[in-house]
Amino acid sequence: QVQLVESGGGLVQPGESLRLSCAVSGTIYVSTTMGWYRQAPGKDRELVAAIRRGGSTNYADSVKGRFNISRDKMKDAIYLQMDNLQPEDTAVYYCNANIRQVNFWGQGTQVTVSL
């Protein structure tokens, strides 16, 4: 019943930008924390950015200054603005929502940065 819907992934060249979005449906409860994770080939899934219900945020060191996470509190949705993308950012990006101490995940969207 709970579903996370993502959009915005794609293929870009180094230095270009993408904006990812994610919205939660199928529940009356508001997420305590939402965030973006990514998984590159041969690597574990890692946290990229997270935002809590009160508005505080945290970022992976590798994306600080380039990525920005924001939240629309009227609807349970988050966005990830990714600027100055680099080949090392290539991965499948997953939206995550924590609702009543249970984690829910989106289907994943591919971000590829290549010449």
Side-chain angles (χ1 to χ4, degrees):
Q1 185 174 345
V2 177
Q3 186 175 5
L4 277 60
V5 180
E6 302 170 332
S7 63
L11 191 155
V12 296
Q13 296 181 354
E16 295 182 342
S17 299
L18 286 172
R19 181 176 172 86
L20 307 182
S21 64
C22 173
V24 179
S25 63
T27 179
I28 65 171
Y29 301 104
V30 177
S31 301
T32 301
T33 303
M34 295 186 70
W36 293 95
Y37 291 71
R38 68 186 181 188
Q39 187 166 22
K43 297 184 178 180
D44 293 332
R45 189 174 299 184
E46 65 173 349
L47 175 68
V48 177
I51 184 165
R52 283 162 284 280
R53 186 168 178 266
S56 61
T57 61
N58 61 277
Y59 297 87
D61 289 341
S62 59
V63 307
K64 287 180 179 177
R66 298 189 297 120
F67 291 10
N68 183 68
I69 188 170
S70 59
R71 182 168 186 170
D72 186 342
K73 298 177 69 175
M74 187 170 65
K75 54 184 179 181
D76 212 1
I78 58 168
Y79 308 88
L80 186 67
Q81 179 66 41
M82 304 184 293
D83 294 330
N84 192 24
L85 284 161
Q86 299 299 311
E88 293 74 26
D89 297 315
T90 295
V92 178
Y93 284 69
Y94 297 90
C95 181
N96 170 267
N98 186 268
I99 304 172
R100 306 218 304 172
Q101 302 186 45
V102 177
N103 280 315
F104 297 89
W105 296 90
Q107 79 287 348
T109 183
Q110 178 71 48
V111 172
T112 302
V113 186
S114 177
L115 293 171

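We use all heavy atoms of the structure for the numbers below, so side chains are in, but hydrogens, waters and symmetry mates are not.
The minimum heavy-atom distance linking Gly26 with Val2 is given by the pair O-CG2, 4.0 Å. Considering all non-hydrogen atoms of both residues, Ser62 and Arg66 come closest at O-NH2, 2.9 Å.
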Output a table of donor-acceptor pairs, distance under 3.5 Å, between side-chain atoms of residues 108-115 and any protein atom two or more places apart or on a different chain; print 'none' if there are none.
from, atom 1, to, atom 2, distance (Å)
Gln110, NE2, Ala91, O, 3.4
Gln110, NE2, Thr112, OG1, 3.2

I'd like a table of donor-acceptor pairs (distance under 3.5 Å, sequence neighbours excluded) in which one partner is a side-chain atom from residues 14-23, with atom names and distances.
from, atom 1, to, atom 2, distance (Å)
Glu16, OE1, Gln13, N, 3.0
Ser17, OG, Asp83, OD1, 2.9
Ser21, OG, Ser7, OG, 2.6

Item to check | CA sep, side-chain torsions, deciding dist, call: Arg52, Thr32, side-chain contact (heavy atoms from CB on, under 4.5 Å) | outcome: CA-CA 6 Å; Arg52 283 162 284 280; Thr32 301; 5.8 Å; no

Item to check | Criterion side-chain contact (heavy atoms from CB on, under 4.5 Å) on Asp76 and Ile78, from CA distance to verdict | outcome: CA-CA 7 Å; Asp76 212 1; Ile78 58 168; over 6 Å; no

Item to check | Evaluation steps, side-chain contact (heavy atoms from CB on, under 4.5 Å), between Trp36 and Glu6 | outcome: CA-CA 11 Å; Trp36 293 95; Glu6 302 170 332; 3.9 Å; yes

Checklist entry - For Asn68 and Leu80, what are the C-alpha separation, side-chain angles and deciding distance, and is it a side-chain contact (heavy atoms from CB on, under 4.5 Å)? => result CA-CA 6 Å; Asn68 183 68; Leu80 186 67; over 6 Å; no

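Side-chain atoms of Ile99 and Phe104, non-hydrogen and from C-beta on, do get closer than 4.5 Å to each other.
Cluster annotation: Leu4 is connected to Val102 through the hydrophobic network of ILVMFWY side chains, with a link wherever side-chain heavy atoms come within less than 4.5 Å.
One distance of note links CG of Asn103 with CE of Met34; it measures 11.0 Å at 0.5 Å rounding. Rounded to the nearest 0.5 Å, atoms CZ (Arg71) and OG (Ser31) are 5.5 Å apart.
Residue pairs meeting the ring pair (Phe, Tyr, Trp, His ring centres under 6.0 Å) criterion with at least one member in residues 54-82: none, sequence neighbours excluded. Legend: salt bridge (Lys or Arg N to Asp or Glu O under 4.0 Å) pairs involving residues 26-41, not counting sequence neighbours, sorted by first then second residue: Arg38-Glu46, Arg38-Asp89.
In this structure, Tyr94 belongs to a hydrophobic cluster whose other members, linked by side-chain heavy atoms under 4.5 Å apart, are Tyr37, Leu47, Val92, Trp105.
Checked against side chain to side chain donor-acceptor pair (under 3.5 Å), Thr57 has no partners two or more places apart in sequence or in another chain.
A donor-acceptor pair shorter than 3.5 Å cannot be found between the side chains of Asn98 and Thr33.
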